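Input: a single structure, listed below in structure tokens.
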Amino acid sequence: MSLIPTLAETVSRARADLRMGLPVMIGGHLAAAVETLSSARLEDMRRLGRPVLAITQRRAETLKARAYDDGLARVQVPQDADLPWLRALADPANDLRTPMKGPLFTDRDGDPTPHMAALALAKSAQLLPAVLVVPAHAPAGLTVLAPGQVLAQLAGEAALAPVAAARLPLLSAEHSRLHIFRPDDGAAEHYAIEIGDPPRDQPVLARLHSACFTGDVLGSLKCDCGPQLHAALDAMGQAGAGVLLYLNQEGRGIGLANKMRAYDLQNQGFDTVEANHRLGFEDDERDFRIGAALLKRMGFAQARLMTNNPRKVAMMENHGIEVTQRVPLITPRNRFNTGYLDTKAEKSGHLL
Ligand SMILES: Nc1nc2c(ncn2[C@@H]2O[C@H](COP(=O)(O)OP(=O)(O)OP(=O)(O)O)[C@@H](O)[C@H]2O)c(=O)[nH]1
Ligand SMILES: [Zn+2]
């Protein structure tokens, strides 16, 4: 029956539910993102069973909570814990001002897969990875999923379909086209800027650019994204051909709201990697398979990739695009971005 939602559609719906503050049912458990949970819903969930707060191992390390499962800690929620208590565990903004939240006790027994699936879903919704989980029967109207299904769907690769394309003269190159691609999993669209008419049977000068609202649009001095974007387009314009993929993976995949949380932590003295970890994220949550898939979709098999990030080269090679050359993309330093660039070189292996 084609009118019944597919797994991809149900997961997409669940993502939207969490963002709105609505719990979803995962493997016989109610799961609600702490970031969007209301106190009324917290009370109702608490009445149904024993609540556990699922956080990532990264966040657990900062909170000194034991993580017994791979990448996950299941924190026991005390009887008197209220919404501010949950929020303080979810959000590191006030960690330094109010360091003592514990002692925190964590679960070791029982099946952790509903909690793992709930965290993966919160991350994919670009919410803080902190989810209240309560064993319960499904109240009517909530989205219902099996944990294995959620994990498999989120680990899978979305199919990207071309939606629209048009000629778009640019300052860097008058002969350019903008292509829009839409994934079939309800996630963000991605763009390809095709400069000139790059021959499909030769290595294309290519750049995988991850969205950076602050750098690309506002001209932020904290990172190198804006200058890199324009340097790449200029180089393609000068070469007469190239493809810049503009991937909507703001903040290395954590979303703009979380990136601003990370910036706030950076203002408290943490570097870009530490800030991501304190929020409960990995250093880099991007899915680089999308870049390879888009280039293949556009008919390319080989690229001269403009990047300083060896991981991008490796990911392209592992997903069917041969990188015949890595073209460095070095942009000027200033007093606001120099620490960020040093951290990228020291901790993320960038060749700067
Ligand atoms: N989480 C987080 N994301 C950031 C920070 N600064 C910049 N970003 C994001 O980092 C991404 C930068 O991506 P890219 O420039 O494509 O990638 P890169 O890994 O630096 O590699 P190359 O530029 O290709 O060498 C963008 O999505 C930015 O929004 C930060 O401090 N924290
Ligand atoms: Zn940036």
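Not measured: the values here are computed from a predicted model. All ligand and atom numbering here is 1-based and tracks the order in the structure.
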How many angstroms lie between [atom1] in [X] and [atom2] in [Y], if you round to the nearest 0.5 Å?
{"X": "Q238", "Y": "D234", "atom1": "CD", "atom2": "CG", "answer": "6.5 Å"}
{"X": "F213", "Y": "K259", "atom1": "CZ", "atom2": "NZ", "answer": "9.0 Å"}
{"X": "E157", "Y": "L160", "atom1": "CD", "atom2": "CG", "answer": "8.0 Å"}
{"X": "N248", "Y": "R286", "atom1": "CG", "atom2": "CZ", "answer": "12.5 Å"}

Please tabulate, one line per pair, the protein nitrogen or oxygen atoms found under 3.5 angstrom from a nitrogen or oxygen of ligand 1, with distances to 0.1 Å, or say none if there are no such pairs.
residue	atom	partner	partner atom	Å
ligand 1	1 (N)	G251	O	3.2
ligand 1	1 (N)	N276	OD1	3.1
ligand 1	6 (N)	Y340	OH	3.3
ligand 1	13 (O)	R286	NH1	3.1
ligand 1	15 (O)	R207	NH2	3.3
ligand 1	15 (O)	Q228	OE1	3.1
ligand 1	16 (O)	S210	N	3.3
ligand 1	16 (O)	R286	NH1	3.4
ligand 1	16 (O)	K312	NZ	2.9
ligand 1	17 (O)	R286	NH1	3.1
ligand 1	17 (O)	K312	NZ	3.2
ligand 1	19 (O)	R286	NH2	2.8
ligand 1	19 (O)	N309	ND2	2.9
ligand 1	19 (O)	H350	NE2	3.0
ligand 1	20 (O)	K344	NZ	2.4
ligand 1	20 (O)	H350	NE2	3.2
ligand 1	21 (O)	K312	NZ	3.4
ligand 1	21 (O)	H350	NE2	3.4
ligand 1	23 (O)	R207	NH2	2.9
ligand 1	23 (O)	Q228	OE1	2.9
ligand 1	23 (O)	Q228	NE2	3.1
ligand 1	24 (O)	R207	NH1	2.6
ligand 1	24 (O)	T307	OG1	2.5
ligand 1	24 (O)	K312	NZ	2.7
ligand 1	25 (O)	T307	OG1	3.4
ligand 1	25 (O)	N308	N	2.8
ligand 1	25 (O)	N309	N	3.4
ligand 1	27 (O)	A211	O	2.9
ligand 1	27 (O)	Q249	O	3.2
ligand 1	27 (O)	G251	N	3.3
ligand 1	27 (O)	R252	N	3.2
ligand 1	29 (O)	A211	O	3.1
ligand 1	29 (O)	E250	OE2	3.3
ligand 1	29 (O)	G251	N	3.0
ligand 1	29 (O)	K259	NZ	3.2
ligand 1	31 (O)	Q266	NE2	2.9
ligand 1	31 (O)	T272	OG1	3.0
ligand 1	32 (N)	T272	OG1	3.4

Margin query: Taking the cut-offs as 6.0 angstrom to the six-membered ring centre and 45 degrees off its axis, would you call K222 and Y340 a cation-pi pair?
Written below: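 No; the conditions do not both hold, so K222 does not lie above the ring face of Y340.
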Margin query: Distances under 2.8 Å only: what protein N/O/S atoms are near the Zn ion (ligand 2), ordered by chain and residue?
Written below: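 Counting only protein N, O or S atoms under 2.8 Å from the Zn ion (ligand 2), the list reads C212 SG, C223 SG, C225 SG.
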Checklist line | Salt bridge flag under 4.0 Å for residues D283 and R252 | finding: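 Salt bridge between D283 and R252, a charged N being under 4.0 Å from a carboxylate O: no.
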Item checked: Electrostatic pair R47-D44, nearest N-O below 4.0 angstrom ->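 Looking at R47 and D44, the cut-off is met.
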Next item on the list: Kindly state whether the ring of H190 and the ring of F181 have centres lying under 6.0 angstrom apart.
Entry: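 No; F181 has its ring centre 6.0 Å or more from that of H190.
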Note to self: Out of the candidates H277, K344, K347, only one should pair with D271 under the side-chain hydrogen bond (donor to acceptor under 3.5 Å, both in side chains) rule; please name it.
What the structure shows: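 Single side-chain hydrogen bond (donor to acceptor under 3.5 Å, both in side chains) partner of D271 among H277, K344, K347: K347.
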